[in-house]
Structures are given as C-alpha cells and as structure tokens.
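Accompanying notes for the structure given below.
A, B, ... follow the sequence lines: proteins, then strands. Residue 1 opens every chain. Worth knowing before you read on, the calculation uses all heavy atoms, side chains too, and leaves out hydrogens, waters and symmetry mates.
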There are 2 protein chains.
Amino acid sequence: MTSPILDIVKSPARQDSDQSVELDDALGRQASLSTALVSVFRGNFCDFILPNRKTTAFKKHSVIYDVGDRERTLFFLRSGFAKVGTIAVDGREVIYDVRKSGDVVGELCATEKARSDRAVALEPTDAVCVPFEEVMQSLLQQPALATVLVDVFCRALKEAYAQVNSMALDDTVHRLIKVLSGLATKIGQRSGPLVQIPVYLTQEEIAQMAGARRERISTALNSLRRRGIVQYSARGHMVLDIDALEPYLP
Amino acid sequence: MTSPILDIVKSPARQDSDQSVELDDALGRQASLSTALVSVFRGNFCDFILPNRKTTAFKKHSVIYDVGDRERTLFFLRSGFAKVGTIAVDGREVIYDVRKSGDVVGELCATEKARSDRAVALEPTDAVCVPFEEVMQSLLQQPALATVLVDVFCRALKEAYAQVNSMALDDTVHRLIKVLSGLATKIGQRSGPLVQIPVYLTQEEIAQMAGARRERISTALNSLRRRGIVQYSARGHMVLDIDALEPYLP
DNA sequence: TCGCGGGTGTTACTTTTGTAACACCCGCGT
DNA sequence: ACGCGGGTGTTACAAAAGTAACACCCGCGA
C-alpha cells in the first residue's frame, strides 16, 4: 500500500490552504469516540471466553474468513482493523463495516452453515478465534454474557438499517458523508475538532462502503476537501473536521 | 384499503393471458415457506416468556411502536402481519421487513434509549408485548433461550446485509425481484408453483422496500406481469410464479 | 348518485449515476 | 534508471433513476 499523498495534496483540484496536517500518531492513541460495537472485553466476556486461548495474527490484507466458509467461529479482535463485507458472484464488492480491537467479527455464522460475508484485515491484526459452539456454551454457564452478545448483534443490526436508509434516501455525497462520519465515530482518533481515521482506505473501498462508483467518490471527496471537511495527514490518513461535517449530517 | 384489481387486470398494460387467478384463502393457510425469522414459539420461548400474558390487538394500520418511542418492549406476533421500517425527517419512508405471526418485532430496542424504527400492523394483528428487561431476565433463568434470541438477531442482520447488497449492486428491477421473492419465502402461501402474498401491499410500500420510486415499481411490476412472473388473485393479493422468478434471482 | 380520495399506469423532462478512457503521480523492484 | 502497477483526478458520454403531471379506475360516504 503506497501513500500517494503528495500527489493528492498537490493535485490540480487543490485550491485552498489545506496543508497536509501533522497529526499522525502524534496525538493519536487517545480516547477514540467509538460507540459502534460494545467492547466485548468489558462485561467479563474476556474473563470467561478468552483466557487460555491463543491469539491468531492476521497479516495486512489477509482474509480472516471468506464467503462460503463452513467453519463457525467468532473472532474477537485484540488489535488492528478489519473490514467486513461480501463479494457478489460477478466480483463486485460491498463493505458493511470496519471493526477495530475490542469488536467481534464473524457473528453472522450464528445462523449460517456457509458464510455469506467475509472479513479482511486492513492492518496487521490479532484476534482470538472462538468456535461459535463454545461461545454459546459459556453463555449457558454465564447467562449474563447474553446481554453482551445481544448488544453486539443489535448494534450491528441498527447500523445495517442505517446503511439501508442512506442507500434508499441519500445521494452519493450524503452517503459519503455518512460513511466518513461513521468511520470517525467508530474508529476515529480525536484531537480537538479533528478526527483522524487510523487506517488507510482506498477510494475504491470507500466507494464500496458508500455504494457508489469510485470516480464519484473521488470527485465528492475533493469537493469535501475544498470545503475543509476532509484533509490528509502526513501518512495519507484521512482527517475529518467534525465541526464542519456536522451541518451536512442529518 | 380498496382493491383496484379490475383496474389493474384490465389496464392497457395487459397484453397476455393472465386471468386473475383463483387462489385466495382457497389453498392458503397451508405450510408457508417461511425461513425468515425463526419461529420464536418453538424452542420453549413461549413456555417461558409468553404464558400468563395478555395479547394486545392492533388494528390494521395502527402503529405498534414508532420512531422516538422510549419504551423498551418486544412484540411477539401471534397473528397478523407487520411492516418494520422507519421514517426520515423529511417524511420519506423505508421498509426493512414484513413480519408475521411467530416473528418478533421491536428487537432493536435492546440497545436504544429511543427507537429509531417503527412497526405498523398491515392487518389486524395480535401480539404479546414483553418488556425487554423481562426478556433478559428469563434469559438468566433459562439460558438456552439465548440461542433463540441470537438467532432472531442474526437472521435480521443477515437479511439487512442482503438488502444493502441489493441496493448497492442491483438495478430497480432486480431489487424488486428480490423484494418479491423475499416476501414469497417469508410470508408466502404456496400452492404448486404459485405463491400468494397474503397481505395487500401498495406499490408505494413495495417501492419503500425496494428503495425506488413508486412509478418505477409500477412499470417494473407490469413488465413482470407480462412475463408471467407476477399475477393478482381475486382479492388483489399478489401471486408469484416461483419457477418463473428463479432464473432472475442471483 | 356524485364527487372525492386513494391507488394505479404512463409519459416527457431533468438529474444523477455509471462507463470508458486517459493522464498523472508515486514507490518499488528489476 | 526505468518501467510497471496501483491509486488518484477528470472528462465526455450513455444509461438509469427521480420528478412532475395527468388520466383512469374504483369504492365509499355525503
């Protein structure tokens, strides 16, 4: 993954004063505003399910599980990031969500024999892999954990519905804005009015999240940059100005 | 709700031989091919949660719960049909799903303080209303029920993702086809190669399920009728020829 | 019985989106 | 050092979807 920032920053589309801002990992690592998936490591989930299990390391871009897989296991992310989505028969890709350490991935196998979705590591990622059967068994011994599991599903469901809304009602630009602000609240690292997205996502991937063509996203992104809503940090990571973003939101 | 069948059947768009077929309630009521939401009445859910509770009757078109509601209760449908969806600030509506007796409705309140969705009875509908708290409590006493609840959420999530796929990848006609075949498998009543949809849905509602304008749905529906995929029964209920439908599906 | 309201069918027009094609820039490996 | 490949920016053009407007048909209630 190269980081063609200079290209972007100097591109003909640039007309204003957004210097590539200096944020990278400088202010990062502080409280992210994640509200997406409950951290399954609180609520004793870790105490019950995770101890004495080895974590598996996934390399960047490696497939954690894929469409058609028949193994039924949940992945508890301990570090890194993963995109979850699917690939249609014709090869076109859709991304439902990006998840980070503390989130679960692979929940859908609860009702499936063969997976209909897939997850791919966006960065080097460590995960604890637990067979679905064993998750359900620890639920029998520790019923309070059910709350956590229900919460995981419920949040995912709510977000999926939000995505349906956006696709049904919004145009490309507003879908993009929702994708970006979703990323900001889920995995963003805040510093003042700016939020940095700590993973590198290609325009193609953003397009797959927004349900639009990459070319449109490219144009929309530049229009947002001219309005000061989007910038790029030194490492090519996106930085959002949430104050500037908010007025466009609902 | 009027049933303008004659209008439809005799409309200028008609060019072939689809007589309004005689099926209504004649062959109905037999095993529907529902696979959508697990019947929560199996698996002892009813034994534990539902006995000694009164069922509430909802009139056709009455709102079971609405966007913004702060009460947290699940509704276990015992008869009838309900659409679940939402209304945007500008009034535009989106429908996520149609559910029938045996299904739950209102699950989303598990993580919300204020509901972001709404459910409306499509027919006179009876439901057992159970506060979410009590559901979780019976889970503590009867941990095996967790399987059922997880299943409910997981199926809803899987279907929501399918909807996202369709909106991202399909054009209007294919989205319509998926909506129809989804209705067929969820609430359809089968008789031979034909499946009847036992609720009356306006084109507007179908459009809200497909994420498209009513006008397009009207046209697409007529094109499907000319191809023999869709017919109307005597009471204005849709009837699908699943054999004719299948080739268009994936 | 007359008119109204709701649902449907259809069309001309506008807007949005997708498609195709290409140029550019960069970093990397040969 | 050079070229290649991947990611980005941009445009002209074609296709799809939304908009607006209207006609029709029906059932129902005044």
Item checked: Arg226(A) side-chain proximity, nearest of dT10(D), dG18(D), dA17(D) -> dT10(D)
Next item on the list: Return the nearest nucleotide to the side chain of Tyr200(A); candidates are dT8(D), dT10(C), dG18(D).
Entry: dT8(D)
Next item on the list: Would you tell me if any nitrogen or oxygen in the side chain of Tyr232(A) comes within less than 4.0 Å of OP1 or OP2 on dT8(D)?
Entry: no
Next item on the list: Could you work out which one of dT10(C), dT10(D), dT16(C) sits closest to the side chain of Ser218(B)?
Entry: dT10(C)
Notebook entry, point to check: Quick one: which of dT19(C), dT17(C), dA17(D) gets closest to the side chain of Asp171(A)?
Noted result: dT17(C)
Check: Given that Ala168(A) and Thr219(A) both sit by DNA chain D, which one's nearest nucleotide is further toward the 5' end?
Finding: Thr219(A)
Checklist line | Length of the CE-P vector between Met238(B) and dG7(C), whole Å | finding: 15 Å
Notebook entry, point to check: Glu204(B) has an atom CD; how far is it from atom C1' of dG6(C), in whole Å?
Noted result: 12 Å
Margin query: Using the side-chain heavy atoms of Thr202(A), tell me which of these nucleotides is nearest: dT10(C), dG9(D), dG7(D).
Written below: dG7(D)
Next item on the list: For the residue pair Arg115(A) and Glu71(A), establish whether any side-chain heavy-atom pair is separated by less than 4.5 Å.
Entry: yes
Notebook entry, point to check: Are side-chain heavy atoms of Glu112(A) and Asp117(A) found at a separation under 4.5 Å?
Noted result: yes
Next item on the list: Measure from CG on Leu201(B) to C1' on dG6(C) and round the result to the nearest Å.
Entry: 16 Å
Note to self: Whole angstroms only, please: what is the CZ-P distance between Arg216(A) and dA20(C)?
What the structure shows: 14 Å
Margin query: If only side-chain N and O atoms count, and only distance matters, is there a donor-acceptor pair under 3.5 Å linking Tyr161(B) with Asp97(A)?
Written below: no
Check: From the list dT11(C), dT8(D), dG7(C), which nucleotide is the closest neighbour of the side chain of Glu215(B)?
Finding: dT11(C)
Notebook entry, point to check: Can you tell me how far C1' of dG6(D) sits from NE2 of His61(A), to the nearest Å?
Noted result: 11 Å
Notebook entry, point to check: Can you check the Arg225(B) CZ to dT10(C) C1' distance for me, whole Å?
Noted result: 14 Å
Check: Is the distance from OP1 or OP2 of dT10(C) to the nearest side-chain N or O of Asn222(B) less than 4.0 Å?
Finding: yes
Margin query: For a quick test of reading the model: is some side-chain N or O of Gln203(A) closer than 4.0 Å to OP1 or OP2 of dG6(D)?
Written below: no
Next item on the list: Taking the side chain as every heavy atom from C-beta outward, state whether Leu224(B) and Leu180(B) have any pair of such atoms under 4.5 Å apart.
Entry: yes
Check: Rounded to whole angstrom units, what separation is found between the CG atom of Asp90(B) and the P atom of dT19(D)?
Finding: 11 Å
Margin query: Should the side chain of Arg214(B) and the base of dG18(D) be counted as holding a donor-acceptor pair, with the cut-off at 3.5 Å?
Written below: no
Notebook entry, point to check: With respect to the side chain of Arg213(B), which nucleotide from dT19(D), dT19(C), dG9(C) is positioned closest?
Noted result: dT19(D)
Item checked: Side chain to side chain, Lys178(A) and Met167(A), heavy atoms closer than 4.5 Å -> no
Notebook entry, point to check: In whole Å, what is the span from the CG atom of Leu176(A) to the P atom of dG18(C)?
Noted result: 13 Å
